[in-house]
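One structure is given here, and the rest of the page talks about it.
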Amino acid sequence: MRETDRSGRPIPTSVLSLGVPPLVTAHAHAAPAAHSGGHEEHHHYTTTGLDNRKIAIWAFIGSECMLFASLISTYLIYKGRSLVGPFPHTEWTNPQTGQVFKPILNIPVTSFSTFVLLMSSLAMVLALAAVQNKDNPLPANAGLGDRMLASSKLWLWATCILGAMFLACQAYEFTSFVHEGLTIKTNLFGSTFFTLTGFHGAHVTAGVIWLGTLLAIDYKRGLGPKDALNVDLAALYWHFVDVIWIAIFTLLYLIPD
Amino acid sequence: MATVAASPSYARPAASEKEGFMAWLTTTDHKKIGTLYLHTSLFFFIFGGLEAVLMRWQLMKPNQTIVTADQFNQLFTMHGTTMVFLAIMPLSAAFFNYLIPLQLGARDVAFPRLNAFSYWVYLLGGIFITLPILFWVAPDGGWFAYAPLSGRTYSPAINMDFWVLGIQILGISSLAAAFNFATTIINMRAPGMNLMRMPMFTWMSFVTQFLIILAFPVITIALVFLQFDRFFGTNFYQVSAGADPLLWQHLFWVFGHPEVYILILPAFGLVSEVLPTNSKKPLFGYGVMAYSGILIGFLGFGVWAHHMFSVGMGPVGDTVFSLTTMLIAIPTGVKIFNWIFTMWGGSIRFTAAMKFAIGLIALFTIGGISGITHSSPPSDLQQTDTYYIVAHFHYVLFGGAIMGIFSGIYHYFPKMYGRYMDERLGTWHFWLNFISMNLTFFPMHYSGLLGMPRRIYTYDTAQGWDTFNMLSTIGAFLLMPATLIFIWNFFKSKKGGEPAPANAWDAATLEWSIPSPPPEYNFAKIPVVHSRYPLWDLTHPERTKDVPHTDEGMRHTGEHDVVDMHIETERRTAKELGIPMPSSTIKPFWTALGIVVMFTGLLIMPHNKMAGLVGIFTGAAMLVGFLYAWLTTPLEEHH
Amino acid sequence: MAHDSAHASHEHEHPTWKTYKWVALWLTLITIVEVWAYYIPSFVASAAFVPSLLFMSAVKFVIVVMFYMHLKYDHKLFRALFTGPLIIAVATLLALMMLFRKFAD
């Protein structure tokens with residue numbers, strides 16, 4: 001890096017402070033063009049030294065914040081405004097039939113599925129670590145724990161299975177609600193509840209498919225450090241879906257009207 | 001004239017083995033995609049303009065019956081929808097595509113195939129939402145589609161289905177493009193181009209991308225609710241089930257107000273390129289311009305409810321949104337003054353682009369001032385839903401966004417096609433456009449304040465509106481020849497315009513340092529940037545003596561093709577130079593088509609369940625299948 | 001490795017199993033406390049219930065984002081890309097709650 005101005009003009013240092021936080025200088029190391037290795041992508045020069053895809057997924061996650069904020073806002077705005085039951089946290093008697101509807105939310109099942117989703121995030125982060133460290137040889141005296149931590153397949157399987165378990169809990173929840181008399185058409189609670197949790201469930205489903213694809217690649221040719229970014233993108237998405245559930249669990253399930 | 005008819009000074013690079021129709025269908029070149037955006041959106045601009053002309057014809061005199069009330073509803077709905085989503089946004093996107101990589105010193109956008117995908121979704125979505133007006137079954141609930149009016153109860157026919165699904169499709173296009181351009185601007189800048197050296201158009205585009213990223217999810221959700229209400233019988237906007245009639249309005253305007261800045265900021269960016277170049281001076285107050293853009297973007301999320309003063313939000317809500325609205329006028333006013341000071345003391349060259357840029361300053365100021373008058377709730381209550389509002393937003397959107405975009409087209413045409421547009425016709429276009437635009441919209445201030453409501457299909461005589469409506473209609477009719485002159489100029493100049501050199505206007509930024517039209521790889525060697533006006537540093541150092549020059553932010557990459565700032569004359573193809581370029585691919589097109597087939601399936605579901613389901617599943621299968629094929633194919637071929 | 005240096009995001013070492021297991025433990029503990037609190041009627045009725053639940057859920061949110069999404073360790077650009085939109089999202093949500101008079105009662 002040259003220290004002087006080519007044209008010989010004095011460098012007004014005061015202008016440096018005008019600069020927006022220096023994205024450029026933060027990682028001032030060179031990014032060599034890694035055409036070697038024979039794998040698919042060229043690593044072009046980038047301004048920040050970061051990969052385009054990782055920037056895009058964070059921008060996408062930022063966008064998703066607004067998506068879920070709109071969904072959650074609507075749920076909260078309509079909270080307690082349903083004209084007819086069943087209600088989430090309180091009992092309701094149908095004035096026409098006299099039929100009694102218990103509070104419909106099943107907190108034990110949802111607490112369990114929340115726990116399952118949180119643990120899937122742990123599995124996911126371990127899967128990423130395993131992929132990143134694939135090339136580091138295990139020590140000779142490596143125990144079972146170390147060998148487990150080094151297995152990307154194990155943790156990808158774990159994440160997928162835990163994700164699928166969460167979806168199974170949701171499927172159980174949805175069908176039991178329908179049996180108890182709550183559909184998406186019943187009342188405002190039904191509309192907002194099924195849409196909000198359904199959107200989240202759709203995100204989990206997409207995540208399970210994404211992770212399943214990575215798992216298939218792992219079986220086909222083995223995931224290594226060169227795939228770490230691909231796994232990282234899936235992981236960021238997965239954790240984001242998890243933190244959204246953290247918010248939904250508290251706002252929707254635990255806080256009564 | 002032989003000189004005029006001569007071809008550009010070098011042969012066009014052969015972009016790929018494929019030629020003709022398939023080359024366009026499979027292109028991943030940001031410049032070609034930009035050209036596609038430009039032509040498509042100009043078509044929709046004319047289409048939306050003709051809808052407006054029909055409306056003005058109907059309103060020329062009291063009690064006319066050119067169109068029916070129902071047709072009039074469809075016309076104003078589709079005029080608004082077309083101009084916002086199919087004309088101005090994609091006209092801006094044409095410039096995002098064409099200019100952002102060139103201004104950054106990049107060879108393409110961050111995700112070239114996603115870029116093609118955005119365009120195809122836009123085109124197919126545009127066709128989806130526009131076709132019904134040809135059969136008078138178009139959406140008829142206004143471009144804002146207020147629920148519950150747009151729900152199944154009050155809009156039972158297929159009309160609003162086209163809108164709900166069409167806007168959802170177009171949102172996918174905008175979001176995909178926004179992630180792409182945000183990433184491109186963050187990560188594809190030439191060495192040395194820190195954020196405070198980016199050209200102002202790229203700066204304003206940067207802010208716009210974040211507005212899209214954050215505003216579009218909200219309309220997506222509002223539309224999902226409406227879609228569910230209309231197709232699956234949910235209760236989001238069912239007042240009979242206890243729903244709040246204001247929910248849609250709030251969600252819509254949480255999106256809708258940032259959308260206003262999505263429409264105007266790129267035009268601001270374009271004139272911020274045109275004014276300094278043609279004043280032969282650096283942009284006045286570059287930093288303030290950039291920061292005021294950011295501030296507009298940020299405050300843009302805190303003003304939405306000023307569209308809703310008439311619903312009665314209470315004193316606190318009214319006061320807060322009134323204050324934020326007045327506040328956002330400050331950074332906007334700052335920009336106006338910066339443009340004026342940019343011209344101050346410059347030696348101004350009145351090109352057609354410059355005339356349109358100055359036109360923007362004048363007309364946007366009028367629109368901005370009338371905007372301030374309805375930032376105050378008591379005054380807004382007099383103006384809301386009258387033609388005064390129509391006057392206001394046409395001054396900002398026609399006088400602002402469209403004038404800025406015309407300015408950009410005249411200015412960047414030589415870069416795109418290697419030929420100048422005809423300046424004489426450009427001047428005719430400008431004056432005719434300027435006069436008839438004012439003739440159309442200025443009288444609306446009066447008819448509005450005299451109480452003429454928006455969206456009425458006819459009116460009775462003797463209310464004092466007749467003269468103003470006649471004037472507006474004459475203006476609207478005159479806008480047709482104005483636009484015709486432009487279109488003629490555009491196509492005539494593409495074939496036989498005067499050949500333009502690389503730096504057609506003696507400008508200062510990177511896009512002018514490469515041949516016109518640029519080769520497929522843009523920059524044979526990536527230049528290192530030391531200031532905001534790298535080209536003037538070479539050609540007019542006296543102009544940039546007060547501009548900061550440092551090596552700060554510059555780093556070498558070790559790549560062989562990064563060199564000092566220079567004027568590029570390389571004319572060989574990417575293949576000859578060994579520059580890896582993204583391969584052409586049809587997959588983004590099929591993926592986009594899958595999405596549209598899916599939504600079409602949903603559209604026909606209420607009428608034919610079987611056919612609808614077949615459509616949905618075919619579309620979904622196409623979407624998933626081609627997406628997989630796309631994601632598992634590498635971007636570039638090895639040379 | 002030439003390849004890894006192309007990813008500046010991996011410049012800082014990510015934490016290991018030792019950190020991750022503690023995070024998981026905290027997430028589990030907080031979830032247990034949250035659900036437990038839900039089953040104490042007197043606490044649910046008290047004014048402290050909603051704020052404390054919101055606080056606990058915010059803590060969970062933050063530690064997942066910081067440790068599992070590595071925002072604490074990664075490039076600060078990512079922090080800006082996430083917190084900016086998050087702030088606008090939360091502010092919009094709160095403004096909507098206020099406009100719909102959800103804090104009035």
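Proteins come first, then strands; the chains are lettered A, B, ... in the order of their sequence lines, and each starts at number 1. What you see is a predicted model; the values in this text were computed from it and never measured. Scope of the values below: all heavy atoms of this structure, side chains included, with no hydrogens, waters or symmetry mates.
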Next on the checklist: Please enumerate all residues that pass ring-ring contact (aromatic ring centres under 6.0 Å, His included) together with Phe255(B), with sequence neighbours excluded.
Outcome noted: Phe216(B), Phe252(B)
Item to check | Spatial distance of atom CG (Leu246(B)) from atom CG (Leu96(C)) [nearest 0.5 Å] | outcome: 11.0 Å
Got a sec: does the [atom1] of [X] have more than 12 other heavy atoms crowding it under 6.0 Å?
X: Phe55(C); atom1: CZ; result: no
X: Met66(C); atom1: CE; result: yes
X: Phe61(C); atom1: CZ; result: yes

Checklist entry - Looking only at heavy atoms, what is the nearest atom pair of Gly317(B) and Leu99(C), with distance? => result CA-CD2, 4.5 Å
Could you list each N or O donor-acceptor pair linking chain B to chain C at a distance under 3.5 Å?
unit_1	atom_1	unit_2	atom_2	d
Met313(B)	O	Arg101(C)	NH2	3.4

Item to check | Residues Ile88(C), Phe210(B); criterion side-chain contact (heavy atoms from CB on, under 4.5 Å); working and verdict | outcome: CA-CA 11 Å; Ile88(C) 292 183; Phe210(B) 281 99; over 6 Å; no
Item to check | side-chain contact (heavy atoms from CB on, under 4.5 Å) between Ile87(C) and Phe301(B), intermediate numbers included | outcome: CA-CA 11 Å; Ile87(C) 288 167; Phe301(B) 281 97; over 6 Å; no
